[in-house]
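Within every chain, numbering begins at 1; the chains are lettered A, B, ... in the order of the sequence lines, protein sequences first and strands thereafter.
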There are 2 protein chains.
Amino acid sequence: MKKDLSTEEKILNAAKKVFLTKGMDGARMQDIADEAGINKALLHYYFRSKDKLFEQIFMEVASAFLPKIFTILESETTLFQKIELFCSEYISQEIKTPYVPIFILNEINRQPKAFLKKVLGNHKPPIQKLLVQIEKEIKAGVIKPIEPLQLLMNILSLCIFPFLACPMIQLITGMDNKQFNELMEQRKKEVPQLIIQSIKK
Amino acid sequence: MKKDLSTEEKILNAAKKVFLTKGMDGARMQDIADEAGINKALLHYYFRSKDKLFEQIFMEVASAFLPKIFTILESETTLFQKIELFCSEYISQEIKTPYVPIFILNEINRQPKAFLKKVLGNHKPPIQKLLVQIEKEIKAGVIKPIEPLQLLMNILSLCIFPFLACPMIQLITGMDNKQFNELMEQRKKEVPQLIIQSIKK
DNA sequence: AGTTGATTTAACCATCCGGTTAACAAAGTT
DNA sequence: AACTTTGTTAACCGGATGGTTAAATCAACT
């Protein structure tokens, strides 16, 4: 396995792998210890409890994923540019870390309120700006009238779902990872095209 | 709770509720017993093990959900009609049973091969027909050229994702169930419109 | 009423699992 | 070298959890 890493790094890598694939409930401390090639007691020496360790992994994963997205949504560019940038950034990110979406989704399901507090702190979710921008563009006659929330859902759906369903898709179609990723690369352009075409006047 | 149901029905209802919301790993036999208002030993009297009980629930849930979908995909109608019918049927179904999609998704993740075998048996996944139909329509010049798999992913994404992300959406927007369902009702027409518009010449 | 078979329960068992302890080893520090 | 701090391990602990058992209750039939 990993060799010259510090014990703490070995643990974090192992924990990330196990938590991402099995989720909080399905993960066993022993699994993580095995994966890291160390004694189980050492886990508790470095991270006092399973909860603490999970928390650390969760924050690491979440804060590598969400801020980029939020930044784009809150940026000052035009709506169309925003959509293009968001889709291609999001999909790139997901290709690199394919297990993250379902991990996050399940965590939201497990404890919705705790999740929000953890990832947003006291901030508001950064979608208000986008929704207002959409409404403005509608009133200005730049795009067709549409429920802003529907538009946002469409964007998120098209970007995220394929990664959530990746195992199923690969299973049904017999694709391997490489083929799947090629499809996803295509989507970086196709999704924004589809979205923009649907709202452009 | 439920009153005049047979014990077996009480158990199945309780198990469905608990498994759907907490998943196999997160569910406790005691939870199910409590939910059904019975003794834990009675669970094992009716269903020998947690695995057996889960299996039963899983099959019940899956076979209430998937066949309808498959039938539509394999029917003989035109592509456009198929898309319209599929989206509206699928979304209707999900409104009734909102926890099912994430439940199924997680089960696929947990044991992909076992899942396929369970829900398909020896059959082939019924998407081949649709993919061929799409290719035909492209060659016939009825719709724009598109990778058939991309089209299928788009349809599934737009139909399923909102329900997967339902807790998050409700959390962020502050919607309640009723408002959310209204949005979904809208989608029954908007999603097929969006899809068809994107491929129509 | 008594017999029989299905249902239900309380109590129990064994194992799993998160977490602790105490002893030991390695690496500094003086 | 003696001592302290840090890292690591084997063994253990207690509670949770899936599962079992044996007795009690109920229902149907004679």
Q: For A:Gln179 and A:Asp176, indicate whether the former's side chain and the latter's backbone hold a donor-acceptor pair under 3.5 Å.
A: yes
Q.
Would you call the rings of A:Phe103 and A:Phe58 parallel, tilted or perpendicular, taking 30° and 60° as the class edges?
A. tilted
Q. Sub-3.5 Å donor-acceptor pair from the side chain of A:Glu185 to the main-chain atoms of A:Ile91, do we have one?
A. no
**Q.** Nearest-Å distance for atom pair CD1/P, residues B:Ile38 and D:dT25
**A.** 19 Å
Q) Do the side-chain N or O atoms of B:Thr7 get closer than 4.0 angstrom to the phosphate oxygens (OP1, OP2) of C:dT8? A) yes
Q. Quick one: does B:Glu107's side chain get under 4.5 Å of B:Lys118's, heavy atoms only?
A. yes
Q) Can a side chain N or O of B:Tyr45 be found less than 4.0 Å away from OP1 or OP2 on C:dT7? A) yes
Q) In whole angstroms, how far is the P atom of D:dT20 from the CG atom of B:Leu42? A) 14 Å
Q.
Mind checking if A:Tyr46 touches a base, just sugar-phosphate, or nothing, with heavy atoms under 4.0 Å?
A. sugar-phosphate
Q) Are B:Lys178 and B:Glu182 side-chain neighbours, meaning at least one heavy-atom pair lies under 4.5 Å? A) yes
(Q) So if I define the base as every atom that isn't primed, P, OP1 or OP2, how would nucleotides 11-21 of chain C read as a B/S/- string at a heavy-atom cutoff under 4.0 Å? (A) ------SBBBB
Q.
Do A:Lys82 and A:Ser75 pair up side chain to side chain, a donor and an acceptor below 3.5 Å, judged on atom types alone?
A. no
Q) Please give, in whole Å, the distance from C:dT9 P to B:Leu43 CG? A) 11 Å
